[in-house]
Amino acid sequence: MLADYKAASGTFEPVWTLEIQTRPEDTDRILDGVLKVHPLGYGRYHRNASVSAIGRETAQPQPASTTATHKPGYQAGAPETYPMVELKISIERDPAVLQRVMDTILYLHHYEQPVIYLREDWASRATYDPESTNPNRWWNDGRGLPQQLD
């Protein structure tokens, strides 16, 4: 069982992973909002998240949906496709934490029924050594960190 796994390189801890489909331009707003209720920690780092490349989401809004109600000229059942990204974050498996994070996401999300998946996962926690001489570490490999985005 992973709860008992221990190696010189580190351990694993149980987490919940939330995968949120959202507009590309909304990821920072959602992350900044979640940070007000949770640090999104991963080891000694905060605001850890993964954002996929821009993809597409598609749906067929039905009668009485928000789209049918608020989009002028929309015919219920017609397919729509929009740009989207998958924003992934992880939190400890604590229902109270999940409630605060989900309340924040649902408030900030542009959809009334956002696509959010919740998974039980195990996240690695490496044995921390900022002075490691491992030649594969970015501070030892001669290349340094990749060029930072935005």
Side-chain angles (χ1 to χ4, degrees), residues 1-3 5-6 9-130 132 136-139 143-150:
M1 182 161 184
L2 285 176
Y5 174 85
K6 294 194 184 345
S9 58
T11 62
F12 285 90
E13 72 177 38
V15 298
W16 279 325
T17 300
L18 288 96
E19 184 176 275
I20 306 138
Q21 293 180 8
T22 190
R23 294 186 289 208
E25 63 270 19
D26 287 354
T27 57
D28 284 327
R29 186 168 59 88
I30 291 171
L31 284 171
D32 291 343
V34 170
L35 282 175
K36 293 177 181 174
V37 299
H38 192 277
L40 296 178
Y42 200 92
R44 291 188 169 102
Y45 297 85
H46 287 184
R47 198 181 190 269
N48 280 269
S50 170
V51 181
S52 72
I54 297 174
R56 299 167 16 143
E57 66 178 349
T58 186
Q60 288 182 306
Q62 298 300 300
S65 67
T66 303
T67 301
T69 302
H70 292 286
K71 186 176 179 185
Y74 177 74
Q75 295 295 317
E80 296 187 322
T81 302
Y82 297 102
M84 59 76 80
V85 295
E86 293 176 344
L87 171 61
K88 292 180 190 175
I89 60 174
S90 65
I91 59 174
E92 61 273 20
R93 291 186 194 171
D94 179 332
V97 170
L98 179 61
Q99 180 182 356
R100 288 191 304 273
V101 169
M102 282 297 297
D103 286 349
T104 300
I105 293 167
L106 291 172
Y107 176 76
L108 294 171
H109 203 282
H110 65 288
Y111 286 151
E112 82 284 2
Q113 184 65 61
V115 177
I116 301 173
Y117 294 101
L118 176 67
R119 289 192 316 268
E120 290 185 344
D121 286 323
W122 291 84
S124 65
R125 296 297 186 253
T127 302
Y128 188 72
D129 181 5
S132 173
N136 296 299
R137 300 295 178 256
W138 66 265
W139 59 90
R143 296 180 297 165
L145 289 169
Q147 184 174 347
Q148 186 171 323
L149 302 173
D150 299 344

Rounded distance (nearest 0.5 Å) linking atom CZ of Arg125 with atom OG of Ser9:
13.5 Å
With a 4.0 Å cut-off on N to O distance, would you call Asp28 and Arg47 a salt bridge?
yes
Pairing donors with acceptors under 3.5 angstrom, does anything connect the side chains of Glu57 and Tyr111?
yes
Test your reading of the model: is there a side-chain donor-acceptor pair from Ser132 to the backbone of Asp129, 3.5 Å cut-off?
no
Looking at side-chain heavy atoms only, is the closest gap between Glu19 and Ile116 below 4.5 Å?
no
How long is the gap from NZ on Lys88 to OG on Ser50, to the nearest 0.5 Å?
5.5 Å
Rounded to the nearest 0.5 Å, how far does CD1 of Ile20 lie from CE of Met84?
11.0 Å
Could you grab the distance from atom CG of Asp121 to atom CG of Leu18, nearest 0.5 Å is fine?
10.0 Å
Got more than 12 heavy atoms from elsewhere within 6.0 Å of CD, Glu112?
yes
Determine the sole option in Ile89, Val37, Thr22 for which the side-chain contact (heavy atoms from CB on, under 4.5 Å) test with Ile105 is passed.
Ile89
Between Gln62 and Ala76, the two heavy atoms sitting closest are C-CB, 3.9 Å
Nearest heavy-atom pair of Gly77 and Tyr74: which atoms, and what distance?
N-OH, 3.5 Å
Give a yes or no on whether Gln113 atom CD has more than 12 heavy-atom contacts from other residues, nucleotides or ligands under 6.0 Å away.
no
Pairwise side-chain contact, Pro14 with Glu120, heavy-atom cut-off 4.5 Å (strictly under)
no
Contact summary for Ala49 and Leu87, nearest pair of heavy atoms:
CB-CD1, 3.9 Å
Main-chain N/O of Pro146 paired to Gln148 side chain as donor or acceptor, under 3.5 Å:
no
With rounding to the nearest 0.5 Å, note down the distance linking CD in Glu25 to CD1 in Ile54.
8.5 Å
Of the non-hydrogen atoms in Trp16 and Glu92, which two are nearest, and what is the gap between them?
CE3-O, 3.8 Å
Between Tyr117 and Gln21, does the side-chain contact (heavy atoms from CB on, under 4.5 Å) criterion hold? Intermediate values first, please.
CA-CA 9 Å; Tyr117 294 101; Gln21 293 180 8; 4.1 Å; yes
I'd like to know whether His110 forms a side-chain contact (heavy atoms from CB on, under 4.5 Å) with Arg23, so could you lay out the CA-CA distance, the side-chain angles of the two residues, the decisive distance to 0.1 Å, and finally the verdict.
CA-CA 8 Å; His110 65 288; Arg23 294 186 289 208; 3.2 Å; yes
Determine the minimum heavy-atom distance between Gly10 and Thr127, stating which atoms define it.
N-OG1, 3.3 Å
Please step through side-chain contact (heavy atoms from CB on, under 4.5 Å) for the pair Arg44 and Tyr128, ending with a clear verdict.
CA-CA 9 Å; Arg44 291 188 169 102; Tyr128 188 72; 2.2 Å; yes
Could you check whether any side-chain N or O of Thr104 sits under 3.5 Å from a backbone N or O of Arg100, counting only pairs where one atom can act as donor and the other as acceptor?
yes
Testing the 3.5 Å rule here: is there a donor-acceptor pair between the side chains of Tyr42 and Ser124?
yes
Considering the options Leu118, Val34, Val15, Val97, which one meets the side-chain contact (heavy atoms from CB on, under 4.5 Å) requirement together with Ile91?
Val97
Whether Asp26 and Arg29 form a salt bridge (side-chain N of Lys/Arg under 4.0 Å from carboxylate O of Asp/Glu) is what I want to check.
yes
Atom of Leu108, atom of Gly33 and distance for their closest heavy-atom approach:
CD1-CA, 3.7 Å
Sub-3.5 Å donor-acceptor pair from the side chain of Thr17 to the main-chain atoms of Arg119, do we have one?
no
From Thr66 OG1 over to Lys71 NZ, what is the distance, rounded to the nearest 0.5 angstrom?
13.0 Å
